[in-house]
Enquirer: 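Provided herewith is a single structure, encoded as structure tokens, for subsequent inquiry.
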Amino acid sequence: MQQLAIKREYPQHSKKFSKKAALLSVIAMGLGQLYNRQYVKGILMLAMYAYGIFTAVTSLPHALWALATLGETETHLRKVGRLYKQVMGDHSIFLMVEGLITVFIMLVLIWLYISGIKDAYRTGKLREEGIKPNTFKQTLSFVAAYRFPHIVLAIPMIGIVFFTVMPIIFMILVAFTDFSRETMPPAHLINWEGLQAFKELLRNQSWSHTFYSVTLWTFIWAFFATITGYFGGFAAALLVQQKGIRFRSFWRTAFILPFAIPMFVSTLILRNIFNGQFGPVNQYLGMLGIAKAPWLSDPLWAKITLILANFWLSFPVSMLMIIGILSTIPKDMYEAADIDGASGFQKTRLITFPMVMFSMAPLIIMQFVGNINNFNIVYLLTNGKPLNGDFQFAGHTDILITWLFKLSMEQGKYNYASVIGIFIFIVLSAFAIWNVRHTKAFKEEEAS
């Protein structure tokens with residue numbers, strides 16, 4: 001009856017509500033909602049539209065000027081009588097950040113503007129069908145009942161945008177400037193330089209040699225760190241879960257101790273243990289008549305020491321996860337293998353390892369990606385040393401992330417550090433997405 005009443009109320013214009021509402025929303029966000037008799041929603045949208053116009057008129061031109069020029073006035077001294085007074089100029093970094101925030105706000109407002117047009121059109125369609133649009137109270141009830149998860153997820157999403165996406169965009173922009181310690185604002189202005197930093201890093205002999213060498217060692221380090229940690233945890237899990245083993249809880253507790261201690265504490269202890277002159281390892285080797293090893297002073301030994309230290313700190317995590325997976329493997333499979341006369345090695349190779357690998361593959365990929373950015377152990381154990389005279393501000397054991405840290409925090413080469421950051425972001429994102437999408441565990445989850 002209500003639908004018939006609405007159709008009788010608009011007998012000659014019942015097919016024009018959607019077009020009129022959409023056209024009014026194009027003219028001004030919220031007019032379409034007012035036309036559809038959604039007065040509270042329309043007023044709120046009109047207020048937001050007014051704010052958007054105000055921002056576009058007052059802030060957007062300054063934001064575009066700031067992003068285009070990064071400032072025009074340097075900090076300088078001005079003579080006032082017999083004294084000189086410092087006059088602050090434009091701060092290029094502040095201008096870049098303010099410009100990014102303003103542009104982001106405008107993009108959000110444009111999205112809301114387009115959404116308002118679609119909403120007015122859909123509501124007009126409902127009126128054409130004789131369905132009464134929801135009131136503002138009904139809309140709030142619907143949102144609370146069916147859109148509550150979206151509202152809760154929107155809160156951390158805002159944090160991701162401001163604390164992850166915006167810094168990434170800022171880092172990308174810095175790579176196209178001459179931002180360094182020599183051009184530090186506000187004493188100086190930063191200038192756009194295009195691809196100059198990329199060309200220097202990839203083509204200049206001194207920089208490119210360092211970049212390619214550090215990149216190669218980064219991937220070698222990540223591969224061995226991941227493989228040793230995984231297979232070490234796999235072997236420990238098999239031994240702990242072996243039938244007939246006594247004091248199983250004790251072994252589990254003992255093997256988890258390296259993970260229970262904070263990593264930076266364990267790493268600093270290992271650095272002292274592997275000290276070439278006073279470390280206990282070399283002291284014991286000397287007692288046995290074996291020559292002392294240059295654990296942290298020789299380039300090759302330092303890299304091996306890094307992998308050994310990472311193995312000691314990472315295998316407990318893999319062990320715990322694999323123990324959980326082993327408990328889910330059906331015992332019938334092992335009983336059938338025993339009937340067929342399979343050996344212990346064959347059961348491990350054909351049953352245990354594939355089942356564990358199926359579940360662990362996504363985690364192994366993430367561990368590999370994490371080891372590429374494993375800043376803590378490299379910085380705390382070796383600090384990139386031993387030094388390499390052919391490298392630009394990097395040592396033999398530096399990986400990309402530690403080299404980036406040295407370039408930015410110690411040398412003030414922020415534009416070069418940003419180029420390296422972009423490279424790390426692209427490679428890791430592409431690698432992680434491609435591999436995870438091709439993992440069988442994720443495919444089965446999507447299929448279900």
Enquirer: Could you tell me the separation between the CG atom of L67 and the CE atom of M96, rounded to the nearest 0.5 Å?
Expert: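 Result: 7.5 Å between the selected atoms.
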Enquirer: For a side-chain contact (heavy atoms from CB on, under 4.5 Å) check, start with the C-alpha distance between Y414 and M171, then their side-chain angles and the critical distance, and finish with the verdict.
Expert: CA-CA 9 Å; Y414 304 108; M171 175 193 68; over 6 Å; no
Enquirer: Within the side chain of W221, is there an N or O that forms a donor-acceptor pair under 3.5 Å with the backbone of N371?
Expert: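 It does hold such a pair.
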Enquirer: Looking only at atom types and distance, does a side-chain atom of S92 sit under 3.5 Å from a main-chain N or O of I190, one as donor and one as acceptor?
Expert: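 Flag set: sc S92 to bb I190 pair under 3.5 Å.
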Enquirer: Hey, do the aromatic rings of F393 and W403 have their centres closer than 6.0 Å?
Expert: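 No, the ring centres sit 6.0 Å or more apart.
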Enquirer: Measure the acute angle between the ring planes of F142 and Y146, then classify it against the limits of 30° and 60° as parallel, tilted or perpendicular.
Expert: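 Tilted, since the angle between the ring planes falls between 30° and 60°.
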Enquirer: Has the side chain of D398 got a donor or acceptor atom that lies under 3.5 Å from a matching backbone atom of G395?
Expert: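 Yes, the answer is positive, given that a donor and an acceptor are paired below the 3.5 Å cut-off.
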Enquirer: How close do D119 and Q38 get, counting heavy atoms only, and between which atoms?
Expert: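 D119 and Q38 have their closest heavy atoms at OD2-OE1, 4.2 Å.
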Enquirer: Mind checking whether F311 and F315 have parallel, tilted or perpendicular rings, split at 30° and 60°?
Expert: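 Correct class here is parallel.
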Enquirer: CZ/F425 to OG/S418 distance, rounded to the nearest 0.5 angstrom?
Expert: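 Answer for the CZ-OG pair, F425 versus S418, is 13.5 Å.
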Enquirer: Could you please spell out the steps behind the side-chain contact (heavy atoms from CB on, under 4.5 Å) verdict for Q33 and Y39?
Expert: CA-CA 7 Å; Q33 282 70 23; Y39 300 112; over 6 Å; no
Enquirer: How are the rings of F405 and Y379 set relative to one another: parallel (under 30°), tilted (30 to 60°) or perpendicular (over 60°)?
Expert: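 Correct class here is perpendicular.
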Enquirer: With a cut-off of under 6.0 Å to the ring centre and 45° to the axis, is K303 in cation-pi contact with W217?
Expert: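 Cation-pi check for K303 and W217: passes.
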Enquirer: Under 6.0 Å from the ring centre and within 45 degrees of the ring axis: does the NZ or CZ of R203 meet both conditions for the six-membered ring of F198?
Expert: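 The answer is no; the distance or angle limit is not met.
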Enquirer: Identify the heavy atoms of R271 and L381 that sit nearest to each other, and give their distance.
Expert: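 Minimum heavy-atom contact is CD-O, 3.3 Å.
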Enquirer: Could you measure the distance from the CG atom of L404 to the NZ atom of K413? Nearest 0.5 Å is fine.
Expert: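 Between atom CG of L404 and atom NZ of K413 there are 14.5 Å.
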Enquirer: Quick check for you: to the nearest 0.5 Å, what is the distance between F278 atom CZ and Q283 atom CD?
Expert: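 These two atoms lie 8.5 Å from each other.
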Enquirer: Please check if any side-chain donor atom of N415 sits under 3.5 Å from a side-chain acceptor atom of T177, or the reverse.
Expert: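 No - no donor-acceptor pair under 3.5 Å links their side chains.
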Enquirer: Work out which heavy atom in A394 is nearest to a heavy atom in T210; give both atom names and the distance.
Expert: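 For A394 and T210, the tightest heavy-atom pair comes out as CB-CG2, 4.0 Å.
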Enquirer: Could you tell me which non-hydrogen atom of K385 sits nearest to which non-hydrogen atom of T397, and how far apart they are?
Expert: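 Taking K385 first and T397 second, the nearest heavy atoms are O-OG1, 2.7 Å.
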Enquirer: Between N282 and W295, is there a side-chain donor-acceptor contact under 3.5 Å, judged purely by atom types and distance?
Expert: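 Side chains of W295 and N282: pair found under 3.5 Å.
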Enquirer: Let's go through R122 and S18 carefully: what are the C-alpha distance in whole Å and the side-chain angles of both, what is the deciding distance for side-chain contact (heavy atoms from CB on, under 4.5 Å) to 0.1 Å, and is it a yes or a no?
Expert: CA-CA 7 Å; R122 286 194 299 265; S18 58; over 6 Å; no
Enquirer: Provide the closest heavy-atom pair for N383 versus K406 in the form atom of the first, atom of the second, distance.
Expert: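 It is O-NZ, 2.8 Å.
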Enquirer: For F170, check ring pair (Phe, Tyr, Trp, His ring centres under 6.0 Å) against everything at least two apart and list the hits.
Expert: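 Applying ring pair (Phe, Tyr, Trp, His ring centres under 6.0 Å) to F170 gives none.
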Enquirer: Carefully, step by step, assess I151 and V143 under the rule side-chain contact (heavy atoms from CB on, under 4.5 Å).
Expert: CA-CA 9 Å; I151 297 174; V143 170; 3.3 Å; yes
Enquirer: When the ring planes of F162 and F104 are compared, do they come out parallel, tilted or perpendicular, using 30° and 60° as the limits?
Expert: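 Correct class here is perpendicular.
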Enquirer: For residues R181 and E410, report the shortest heavy-atom separation together with the two atoms involved.
Expert: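 Shortest heavy-atom contact: NH2-O, 2.9 Å.
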Enquirer: Going from OG on S408 to CD1 on I420, what distance comes out if it is rounded to the nearest 0.5 angstrom?
Expert: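 One finds 9.0 Å between OG of S408 and CD1 of I420.
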Enquirer: Between CD1 of I220 and CZ of F224, what distance do you get to the nearest 0.5 Å?
Expert: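 Here the interatomic distance stands at 7.5 Å.
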Enquirer: Does N36 reach the main-chain N or O of T123 with its side chain, forming a donor-acceptor pair under 3.5 Å?
Expert: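 Here the side-chain-to-backbone pair does not exist.
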Enquirer: Whether the side chain of S208 engages the backbone of L201 through a donor-acceptor N/O pair (distance < 3.5 Å, no angle test) should be reported.
Expert: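 Checked: no pair found.
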Enquirer: Does a side-chain heavy-atom distance below 4.5 Å link I399 with T402?
Expert: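 A side-chain contact under 4.5 Å exists here.
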